[in-house]
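The figures that follow rest on heavy atoms only: side chains count, while hydrogens, waters and symmetry mates do not. Just so it is clear: chains get the letters A, B, ... in the order the sequence lines come, proteins before strands, and each one is counted from 1. Quick caveat, the model's predicted, so the values are computed rather than measured.
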Amino acid sequence: MTGPIAVIDFETTGLSPAQGDRATEVAVVLVQGGRVVDRFQSLMNAGVRISSFIESFTGISNAMVAAAPPAAQVMAEAARFVGSAPLVAHNAGFDRRFWQAELARLGPDAPAAHNPFACTMLLSRRLYPQAPGHKLGTLAAFHALPAAGRAHRALADAEVAAALLARIQADLCSRFGLAAASHSLLMAVQACQRHALDAAVRRHLGTPSVAA
DNA sequence: TGCCAGGCCCTCTTTAGGGCCTT
């Protein structure tokens, strides 16, 4: 049994914290042994205005964040919830930038700020090249994953990403005869070269031959 | 008013360009 993995999703005011964008909502789903074992979700007030485009896109309004706890408080709680668990997100580069930017505002010693991230989008590109696309919703439909609520809200998207992660782990296990697909294996698959998946997994596992 | 990012991946590539994906 591997340790828990924290699947995270942010809703934000835009695409780039370097351009002043801030998080408006965060959700974390803890997954262990292919099952969701705990959840964290909160809106947060970062003191910035949400554009009408983002409001219609996410359903998160200025009034909703005005009534939410301060961003620093929410991020501190999220970091404690994640603890030492490795992280997973869909298009993880995006969520990693906001995770690190928001935690950096808490100070240089914020916990969990540098936990490793794996990406369900990069993994899906490796494992499911036949999928019609690699958006989270497209992959959910492709794998017939259960609906989890309104898309583009943090907890619903984190739940779908967690279900996608469970599918990825199950497929890796069945393909390579594993009992469990660890986060480090996910990182190895994510980093492997195109058309070199089996060789990359064999290198990671340290086994000379694995049934395909 | 209009525009804004970053990184991976593919290919009509590698001295590059553009699509995808996240909000």
Side-chain angles (χ1 to χ4, degrees), chain A residues 6-29 41-66 68 71 74-75 78 87-105 113-143 145 148-165 167-168 186-197 199-200:
Chain A
V7 182
I8 189 168
D9 187 76
F10 278 107
E11 304 306 318
T12 72
T13 62
L15 295 174
S16 173
Q19 298 294 312
D21 293 318
R22 297 293 305 274
T24 58
E25 186 179 44
V26 63
V28 181
V29 174
Q41 177 273 329
S42 182
L43 291 164
M44 68 182 88
N45 185 358
V48 295
R49 178 155 186 83
I50 299 171
S51 69
S52 57
F53 168 76
I54 292 294
E55 184 169 331
S56 62
F57 186 75
T58 65
I60 297 171
S61 67
N62 284 289
M64 289 166 70
V65 296
V74 173
M75 290 304 302
L87 290 148
V88 165
H90 196 70
N91 196 12
F94 173 85
D95 292 280
R96 184 180 60 239
R97 283 192 290 276
F98 278 95
W99 178 250
Q100 293 179 343
E102 293 292 346
L103 289 180
R105 292 173 175 273
H114 300 291
N115 292 17
F117 270 78
C119 177
T120 49
M121 186 186 75
L122 296 179
L123 287 161
S124 293
R125 284 178 174 170
R126 291 278 179 261
L127 294 168
Y128 315 118
Q130 74 277 23
H134 294 87
K135 292 182 182 180
L136 184 59
T138 303
L139 288 163
F142 180 70
H143 291 300
L145 303 178
R150 187 197 195 282
H152 305 302
R153 286 300 299 269
L155 184 57
D157 282 0
E159 296 267 12
V160 173
L164 176 59
L165 172 65
R167 173 61 188 254
I168 289 169
L186 298 176
M187 298 287 278
V189 171
Q190 172 180 306
C192 76
Q193 296 298 307
R194 192 165 62 121
H195 305 315
L197 174 62

(message) Please report the distance separating the C1' of B:dT23 from the corresponding atom of B:dA5, rounded so that it comes out in whole Å.
(response) 11 Å

(message) Treating A:His134 as the side-chain partner and A:Tyr128 as the backbone partner, does any N or O pair qualify as donor plus acceptor under 3.5 Å?
(response) yes

(request) Sort and list the pairs that fulfil salt bridge (Lys or Arg N to Asp or Glu O under 4.0 Å) and have at least one residue in residues 6-23 of chain A, not counting sequence neighbours. (result) A:Arg22-A:Glu102

(request) Looking at every strand, decide which applies to A:Arg96 at a 4.0 Å heavy-atom threshold: base, sugar-phosphate, or nothing. (result) nothing

(message) Please find the pair of heavy atoms, one from A:His143 and one from A:Leu164, that lie closest to each other, and give the distance.
(response) CD2-CD1, 3.7 Å

(request) Tell me which of A:His90 and A:Gly93 sits closer to the 5' end of DNA chain B, going by the nucleotide each one is nearest to. (result) A:Gly93

(request) Check salt bridge (charged side-chain N to carboxylate O under 4.0 Å, His left out) between A:Arg126 and all other residues, then give those that pass, not counting sequence neighbours. (result) none

(message) Between A:Ile54 and A:Leu122, which residue's closest nucleotide on DNA chain B lies nearer the 5′ terminus?
(response) A:Leu122

(message) Can you check the distance between B:dG17 and B:dC12, where both ends of the measurement are the C1' atom (answer in whole Å)?
(response) 11 Å

(message) Minimum heavy-atom separation for A:Leu136 and A:Asp157, please, with both atom names.
(response) CD2-O, 3.5 Å

(message) Using a strict heavy-atom distance below 4.0 Å, which residues from residues 9-19 of chain A are in contact with DNA chain B?
(response) A:Asp9, A:Phe10, A:Glu11, A:Thr12, A:Gly14, A:Leu15, A:Ser16, A:Gln19

(request) Write down the atom of A:Val7, the atom of A:Ala162, and the distance for their closest heavy-atom approach. (result) CG1-N, 3.8 Å

(message) List the residues meeting salt bridge (charged side-chain N to carboxylate O under 4.0 Å, His left out) with A:Glu159, not counting sequence neighbours, and say none if there are none.
(response) A:Arg39

(message) Please identify the 5'-most and 3'-most nucleotides of DNA chain B with any atom under 4.0 angstrom from a heavy atom of chain A.
(response) B:dA5 to B:dT23

(request) In whole angstrom, give me the gap between the P atoms of B:dG2 and B:dG7. (result) 30 Å

(request) State whether a side-chain donor-acceptor pair under 3.5 Å links A:His90 with A:Thr120. (result) yes

(message) Between B:dT15 and B:dC3, how many Å separate the two P atoms, rounded to a whole number?
(response) 32 Å

(request) List for me each residue that meets salt bridge (charged side-chain N to carboxylate O under 4.0 Å, His left out) alongside A:Arg125, sequence neighbours excluded, and say none if there are none. (result) none

(message) With rounding to the closest Å, how many angstrom separate the C1' atoms on B:dT14 and B:dC8?
(response) 16 Å

(message) Categorize A:Thr58 for me: base, sugar-phosphate, or nothing, with a 4.0 angstrom heavy-atom threshold over every strand shown.
(response) sugar-phosphate

(request) Rounded to whole angstrom, note down the C1' distance from B:dT22 over to B:dC4. (result) 15 Å

